[in-house]
Amino acid sequence: QVQLVESGGGSVQAGGSLRLSCTANGDAVRRSCMAWFRQAPGKERERVAVIRGGGDDTYYADSVKGRFTISQDNIKNTLYLQMNSLKAEDTAVYLCAAKSDSSAFVLDSDEYDYWGQGTQVTVS
């Protein structure tokens with residue numbers, strides 16, 4: 001069973017940066033398609049970034065391209081989201097998700113098997 005724990009959220013000024021982390025148990029990051037989603041009050045869940053299990057393919061929402069970078073550390077079994085040039089519209093709860101398939105590239109949130117509890121990011 002995969003367990004995901006997000007950290008690194010906080011409150012920052014517009015234009016600032018944060019790095020979110022999602023630590024998984026075992027070697028789940030290496031053997032899973034991993035993603036970051038975000039959800040703001042009154043809005044539907046939004047796909048932010050996706051990385052294939054092998055780390056050789058990524059996806060970014062148009063709203064974050066050029067500002068956010070998804071990456072993973074297989075030794076630490078951790079997924080990261082580096083967020084630069086933050087805007088007020090980035091304010092949301094950020095969640096990591098995993099699909100237990102190293103070759104999959106999953107875009108639909110309904111297809112993910114495991115979710116963390118989320119970490120709050122507030123940009124003012």
Side-chain angles (χ1 to χ4, degrees):
Q1 185 176 11
V2 176
Q3 295 176 301
L4 306 173
V5 181
E6 302 98 334
S7 62
S11 181
V12 299
Q13 297 279 62
S17 298
L18 285 173
R19 188 180 73 163
L20 305 183
S21 299
C22 174
T23 300
N25 59 313
D27 61 347
V29 171
R30 180 188 61 80
R31 58 180 172 83
S32 302
C33 179
M34 303 290 296
W36 287 99
F37 291 82
R38 66 187 181 187
Q39 189 159 25
K43 300 183 65 177
E44 295 186 355
R45 184 175 296 163
E46 177 187 15
R47 186 198 313 110
V48 176
V50 181
I51 186 167
R52 195 189 299 273
D56 62 344
D57 199 11
T58 57
Y59 162 87
Y60 296 96
D62 288 342
S63 59
V64 306
K65 284 182 179 178
R67 300 190 298 120
F68 290 12
T69 303
I70 188 171
S71 63
Q72 62 190 52
D73 185 328
N74 293 332
I75 295 175
K76 295 182 178 180
N77 205 29
T78 299
L79 176 75
Y80 300 101
L81 185 68
Q82 178 66 46
M83 305 185 295
N84 299 325
S85 301
L86 283 162
K87 306 174 181 179
E89 66 190 41
D90 297 317
T91 295
V93 173
Y94 284 72
L95 305 103
C96 66
K99 171 69 176 180
S100 296
D101 186 341
S102 62
S103 63
F105 195 72
V106 180
L107 300 180
D108 189 344
S109 63
D110 291 339
E111 297 185 27
Y112 282 87
D113 301 313
Y114 305 100
W115 294 82
Q117 293 297 305
T119 185
Q120 177 71 46
V121 172
T122 302
V123 184
S124 60

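Here the structure is a predicted model, which means the values were calculated and not measured.
In this structure, Asp90 and Arg67 have side chains that are in contact, with non-hydrogen atoms separated by less than 4.5 Å. Put simply, the side chain of Lys87 does not reach to within 4.5 Å of the side chain of Val123, judged on heavy atoms. Taking the side chain as every heavy atom from C-beta outward, Val2 and Arg31 approach each other to under 4.5 Å. With a 4.5 Å cut-off on side-chain heavy atoms, Arg38 and Ser63 count as touching. Looking at Gln82 and Ser17, their side chains come closer than 4.5 Å, going by heavy atoms from C-beta outward. Counting only heavy atoms from C-beta outward, the side chains of Leu20 and Met83 approach each other to under 4.5 Å.
Residues satisfying the salt bridge (Lys or Arg N to Asp or Glu O under 4.0 Å) test with Lys43, not counting sequence neighbours, are none. Taking Arg19 as the reference, nothing meets the salt bridge (Lys or Arg N to Asp or Glu O under 4.0 Å) condition, with sequence neighbours excluded. Taking the disulfide (SG to SG under 2.5 Å) definition, one finds that Cys33 meets it with nothing, sequence neighbours left out. Taking Asp57 as the reference, Arg52 meet the salt bridge (Lys or Arg N to Asp or Glu O under 4.0 Å) condition, with sequence neighbours excluded.
Here CG of Leu79 is found 4.5 Å from CD1 of Ile70. Values are rounded to the nearest 0.5 Å. With values rounded to the nearest 0.5 angstrom, Gln1 atom CD is found 10.5 Å from Ser100 atom OG. Going from atom CG of Leu4 over to atom CG of Asn25 covers 7.5 Å, rounded to the nearest 0.5 Å.
Here the closest heavy-atom approach between residue Met34 and residue Cys22 is recorded as CE-SG, 4.5 Å. The two residues Ala28 and Ser32 have their closest heavy-atom pair at O-OG, 2.6 Å. Here the closest non-hydrogen pair linking Ile51 and Ser71 is CD1-CA, 4.1 Å. Taking all atoms of both residues into account, the shortest heavy-atom contact from Asn77 to Arg30 is OD1-N, 4.3 Å. The shortest non-hydrogen separation linking Ser21 to Thr78 is CB-CG2, 4.0 Å.
Val12 and Tyr94 end up in the same hydrophobic cluster when Ile, Leu, Val, Met, Phe, Trp and Tyr side chains are linked at under 4.5 Å. Val29 is connected to Phe68 through a chain of hydrophobic side-chain contacts under 4.5 Å among Ile, Leu, Val, Met, Phe, Trp and Tyr, so both are in one cluster. Under a hydrophobic clustering in which Ile, Leu, Val, Met, Phe, Trp and Tyr are joined whenever their side-chain heavy atoms come within less than 4.5 Å, directly or via other members, Val106 and Leu95 fall into the same cluster. Tyr80 and Leu18 fall into different hydrophobic clusters, where Ile, Leu, Val, Met, Phe, Trp and Tyr are joined by side-chain heavy atoms under 4.5 Å apart, directly or via other members. Hydrophobic clustering places Tyr114 together with Val48 (ILVMFWY residues linked when any side-chain heavy atoms are closer than 4.5 Å, directly or through intermediates).
Within 6.0 Å of CD1 in Ile75 there are 12 or fewer heavy atoms belonging to other residues, nucleotides or ligands.
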message: side chain to side chain donor-acceptor pair (under 3.5 Å), that's the test. Do Ser124 and Gln13 meet it? Break it down for me.
response: CA-CA 5 Å; Ser124 60; Gln13 297 279 62; 3.1 Å; yes
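When atom types are taken as modelled, the side chain of Gln72 and the backbone of Gly53 share a donor-acceptor pair closer than 3.5 angstrom. The backbone N or O of Val5 lies less than 3.5 Å from no partner atom in the side chain of Gln117, so there is not a single donor-acceptor pair.
Using a 30° and 60° split on the angle between ring planes, Tyr59 and Phe105 fall in the perpendicular class, above 60°.
Screening residues 103-113 for salt bridge (charged side-chain N to carboxylate O under 4.0 Å, His left out), with sequence neighbours left out, gives Lys99-Asp113. Note on residues 9-42: pairs passing ring-ring contact (aromatic ring centres under 6.0 Å, His included), not counting sequence neighbours, are Phe37-Tyr112, Phe37-Trp115.
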